[in-house]
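In what follows, a structure is listed as structure tokens, so that the remarks can point back to it.
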Amino acid sequence: LFTSMDDLKTFYEKTFSPSVAKMHVVGKIGQERIINGLESLVANWEAFDVEIPEIAIPEAPEKSTIYFVDVPGAKQSVINIGNYAVPRSSVDYHPATVMNYKLGGSFNGVVNMILREEKGFTYGARTNFSGGKTYGTFSASSSVRSSATEESVQIFKNEIEKYINGIAKEDLDFTKNALIKSNARSFETIGALHGMLTSISAYNLPFDYVKQEEEVINSMTLESHRELAKKLLKPENMYFVVVGDAETQMSALKNIGLGDPVLVEN
């Protein structure tokens with residue numbers, strides 16, 4: 001926690017060191033020119049050891065629970081559901097993003113098709129896996145009109161529970177086709193190439209990780225999809241967080257089947 005300029009200076013003095021720094025360059029420029037241009041930086045930026053604290057991996061909740069944050073009079077509710085998942089470096093990370101695609105990883109995902117296209121409760125509903133160096137998260141989210149809060153939470157819960165039992169072959173075929181086509185266009189800009197290089201550096205990925213990820217997409221089967229969904233989604237161990245008008249919406253969430261919602265003081 002920084003409370004003064006001295007705190008910022010101390011943080012800088014203890015952490016900004018070339019011993020933990022990385023530089024990524026993408027463009028029409030030779031390596032020799034870059035090295036020559038960095039000579040003064042190398043000479044003047046003194047290196048020192050930096051102690052990076054270890055981050056404990058959080059434990060998932062013992063059972064799914066609904067937490068409610070009250071915003072009196074709110075005309076809509078913000079829904080976030082999720083749990084802890086694998087880090088970006090895990091062999092399961094990219095397969096997880098492929099597995100998630102039909103659930104809520106695209107506009108045509110199940111949750112968006114129901115909550116937006118069928119019900120008209122929201123402008124969008126998504127699910128996704130996000131991976132850090134130590135651990136990752138799975139999240140499902142949407143903002144819905146206030147009167148649709150209970151039904152929307154129930155739909156999220158129901159669809160995640162159904163999803164771990166498997167998807168249809170046409171849905172898997174759709175996933176593969178969509179992801180392979182999008183991958184072909186994902187690395188056409190300098191910014192995208194820089195992002196790829198940064199990922200390789202940050203997560204110690206192989207230089208051909210994009211090709212390996214395409215192989216993961218092509219090789220996924222209905223069985224491996226189902227096994228991965230059961231392994232990583234874990235609908236019985238999720239946090240359900242709803243932000244909205246407690247007076248009109250909170251009590252109805254008892255009907256979801258996860259016990260009494262817990263009011264979070266804010």
Side-chain angles (χ1 to χ4, degrees), residues 55 57-61 64 80-114 124-142 156-187 192-193 195-239:
I55 299 176
I57 301 176
E59 294 185 5
S64 293
N80 280 280
I81 303 166
N83 56 12
Y84 299 109
V86 294
R88 176 64 180 86
S89 56
S90 169
V91 294
D92 282 337
Y93 179 77
H94 183 64
T97 66
V98 178
M99 175 271 290
N100 173 71
Y101 190 79
K102 186 57 184 174
L103 176 61
S106 70
F107 182 89
N108 292 304
V110 174
V111 293
N112 194 60
M113 288 294 99
I114 297 176
R126 291 290 189 272
T127 63
N128 78 290
F129 283 89
S130 177
K133 289 186 176 182
T134 308
Y135 65 90
T137 59
F138 166 78
S139 64
S141 61
S142 186
F156 268 122
K157 179 177 179 290
N158 290 348
E159 294 307 317
I160 293 171
E161 289 174 344
K162 286 164 56 178
Y163 202 73
I164 66 175
N165 293 320
I167 62 174
K169 183 179 183 301
E170 54 266 31
D171 290 332
L172 182 58
D173 291 341
F174 170 81
T175 294
K176 291 183 176 183
N177 184 54
L179 289 176
I180 291 296
K181 286 183 176 178
S182 65
N183 259 4
R185 302 188 302 271
S186 293
F187 305 101
L193 291 173
M196 180 174 67
L197 188 61
T198 301
S199 294
I200 291 171
S201 173
Y203 303 110
N204 196 31
L205 301 177
F207 283 104
D208 66 342
Y209 83 92
V210 175
K211 181 179 179 181
Q212 292 184 25
E213 288 182 350
E214 284 196 357
E215 292 173 356
V216 167
I217 297 170
N218 285 320
S219 64
M220 185 164 287
T221 65
L222 291 174
E223 180 61 27
S224 63
H225 185 287
R226 181 168 56 251
E227 289 178 355
L228 200 59
K230 286 184 177 180
K231 178 181 178 180
L232 297 179
L233 290 180
K234 301 179 181 178
E236 70 279 5
N237 302 111
M238 288 191 176
Y239 293 103

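All heavy atoms count here, side chains included; hydrogens, waters and symmetry mates do not.
- Checked against side chain to side chain contact (heavy atoms under 4.5 Å, CB included), P87 has the following partners two or more places apart in sequence or in another chain: S89, S90.
- By the 30° and 60° cut-offs, the orientation of the rings of Y135 relative to Y84 is perpendicular.
- The CG atom of L205 sits 11.0 Å away from atom OG1 of T198, with the distance rounded to the nearest 0.5 Å.
- Side-chain atoms of S64 come within 3.5 Å of backbone N or O of N237 as a donor-acceptor pair.
- With S201 contributing its side chain and L197 its backbone, the two residues share no donor-acceptor pair below 3.5 Å.
- Nearest approach of E59 to Y239, heavy atoms of both residues: O-OH, 4.1 Å.
- Going from atom CG of D208 over to atom CD of E215 covers 7.5 Å, rounded to the nearest 0.5 Å.
- In this structure, the separation between NE2 on H225 and CD1 on I164 is 12.0 Å, given to the nearest 0.5 Å.
- With sequence neighbours left out, the side-chain hydrogen bond (donor to acceptor under 3.5 Å, both in side chains) criterion links N128 to S139.
- Every residue meeting the side chain to side chain contact (heavy atoms under 4.5 Å, CB included) condition with E161, not counting sequence neighbours, appears here in chain and number order: K157, N158, P235.
- One finds the CZ atom of R88 at 13.5 Å from the CZ atom of F129 (value rounded to the nearest 0.5 Å).
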side-chain contact (heavy atoms from CB on, under 4.5 Å) evaluation trace for T97 with E213: CA-CA 10 Å; T97 66; E213 288 182 350; over 6 Å; no
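- A distance of 8.5 Å separates CZ of R226 from CG of N165, quoted to the nearest 0.5 Å.
- For the residue pair I200 and P206, the shortest heavy atom distance occurs at CG1-O, 4.1 Å.
- The heavy-atom pair separating I167 from L222 by the smallest distance is O-CD2, 3.4 Å.
- Residues I160 and A140 come closest through the heavy atom pair CD1-CB, 4.5 Å.
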Which atom pairs, one a donor and one an acceptor, fall under 3.5 Å between side chains of residues 227-234 and the rest of the protein, sequence neighbours left out?
unit_1 : atom_1 : unit_2 : atom_2 : d
K231   : NZ     : D92    : OD2    : 2.5

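- Listed by chain and number, the residues in a side chain to side chain contact (heavy atoms under 4.5 Å, CB included) with K162 are E159 (sequence neighbours excluded).
- Taken from CD1 in I114 to CZ in F156, the straight-line distance is 10.0 Å, to the nearest 0.5 Å.
- Heavy-atom minimum distance, G104 versus V111: CA-CG2, 3.9 Å.
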Under 3.5 Å, which donor-acceptor pairs link side chains of residues 168-176 to any protein atom two or more places apart or in another chain?
unit_1 : atom_1 : unit_2 : atom_2 : d
K169   : NZ     : D173   : OD2    : 2.8
T175   : OG1    : D171   : O      : 3.0
K176   : NZ     : N218   : O      : 3.1
K176   : NZ     : M220   : O      : 2.8

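- Closest of all the heavy-atom pairs between Y101 and Y163 is N-OH, 4.4 Å.
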